[in-house]
Amino acid sequence: MLNLPNLLASLRILIAPVMFWIILNPQIFTDNGFDITWNYYFASLLFVLASVTDFFDGYIAREWNQMTMLGAILDPLADKMLTLAAFLGLMVMGDASPWAIYIIIVRELFITGLRTVAVSENISVKASWSGKVKTVAQMIVIGFLLMHWPYGAALLWFAVFLTVYSGLEYLWGFKQAIVKEHKA
């Protein structure tokens, strides 16, 4: 069902490759006489706008009772596409550690796969507090790295720690949900 929350998630999916392209092509601005910082600003603006849709699609889905199976799959997929587009673009441009990005990508793919299996089996594994903190930390780190602010590299490794921790917590929750399902 295509509702407002799913449209907002779809918008994130559309913004992700545009932002990725802008990160990888700073000459768009520099060849036209603008300073390289305009590339940082524009990519950051797109990232912030897309990130805001993440908050609103979840809020609207809950408040207006518009949670759907499509949304349960589309929302985390859109989140991953946005954050991975930013992280991969930053890595390719040499602004993020390849090892940190590799760890984040592996965790995100693994958990997204688990979440898809859970949804298809009608197993409810809700996002944990640590998963929400991980997402906010990743978004803050992406902002720091896109803007080339100090401490971006250190914050990236902190986000990696939170990413791994929340992945382990999600895996534990998935296991508990399966055990509960088998007992029922």
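In what follows, every heavy atom counts, from backbone to side chain, and hydrogens, waters and symmetry copies are set aside.
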Can you tell me how far the [atom1] atom of [X] sits from the [atom2] atom of [Y], to the nearest 0.5 Å?
| X | Y | atom1 | atom2 | value |
| --- | --- | --- | --- | --- |
| D57 | D79 | CG | CG | 7.0 Å |
| I140 | T135 | CD1 | OG1 | 11.0 Å |
| R62 | M67 | CZ | CE | 8.0 Å |
| L146 | I23 | CG | CD1 | 5.0 Å |
| L145 | D95 | CG | CG | 7.0 Å |
| I105 | L84 | CD1 | CG | 5.5 Å |

(Q) Walk me through whether I178 and E121 qualify under side-chain contact (heavy atoms from CB on, under 4.5 Å). (A) CA-CA 10 Å; I178 295 228; E121 297 292 323; over 6 Å; no
(Q) My understanding is that only one of K132, K134, R107 makes a side-chain hydrogen bond (donor to acceptor under 3.5 Å, both in side chains) with S166; could you say which? (A) R107
Exercise: identify the closest heavy-atom pair between [X] and [Y]:
| X | Y | value |
| --- | --- | --- |
| I60 | P5 | CG2-CG, 3.7 Å |
| G89 | F20 | N-CE1, 3.4 Å |
| G71 | P76 | O-CD, 3.9 Å |
| G143 | W149 | O-CE3, 4.5 Å |
| I15 | L46 | CG2-O, 3.8 Å |

Q: Would you please classify the geometry between the Y41 ring and the W38 ring as parallel, tilted or perpendicular, with 30° and 60° separating the classes?
A: perpendicular
Q: Report the relative orientation of the aromatic rings in Y102 and W99; use parallel for angles under 30°, tilted for 30 to 60°, perpendicular for over 60°.
A: perpendicular
Just so I know, are the side chains of [X] and [Y] near enough to count as touching, which here means a heavy-atom distance under 4.5 Å?
| X | Y | result |
| --- | --- | --- |
| F87 | V141 | yes |
| Q66 | N6 | no |
| S97 | W157 | yes |
| I104 | L156 | yes |
| V92 | L24 | yes |
| F110 | L114 | yes |

Q: Assess whether side-chain hydrogen bond (donor to acceptor under 3.5 Å, both in side chains) is satisfied between T68 and N3, documenting all intermediate values.
A: CA-CA 9 Å; T68 64; N3 56 24; 4.6 Å; no
Decide whether [X] and [Y] are clustered together by the hydrophobic rule: side chain heavy atoms of Ile, Leu, Val, Met, Phe, Trp, Tyr closer than 4.5 Å, transitively.
| X | Y | answer |
| --- | --- | --- |
| L82 | L109 | yes |
| L171 | V117 | yes |
| V164 | V133 | no |
| M147 | I36 | yes |
| L90 | I28 | yes |

Q.
Checking the side chain of N25 only, and the main-chain atoms of Q27 only, is there a donor and an acceptor separated by less than 3.5 Å?
A. no
Is the number of heavy atoms from other residues, nucleotides or ligands within 6.0 Å of [atom1] ([X]) greater than 12?
| X | atom1 | value |
| --- | --- | --- |
| F29 | CZ | yes |
| F42 | CZ | no |
| F174 | CZ | yes |
| W64 | CH2 | no |

Q: Go through the steps for I13 and L74 under the test side-chain contact (heavy atoms from CB on, under 4.5 Å), then give the verdict.
A: CA-CA 9 Å; I13 289 171; L74 201 58; 3.6 Å; yes
Q: Would you sort out whether S130 and L162 count as a side-chain contact (heavy atoms from CB on, under 4.5 Å), showing the intermediate values?
A: CA-CA 7 Å; S130 68; L162 291 174; over 6 Å; no
Q | CA sep, side-chain torsions, deciding dist, call: Q138, T163, side-chain hydrogen bond (donor to acceptor under 3.5 Å, both in side chains) | A | CA-CA 8 Å; Q138 284 183 357; T163 299; 2.9 Å; yes
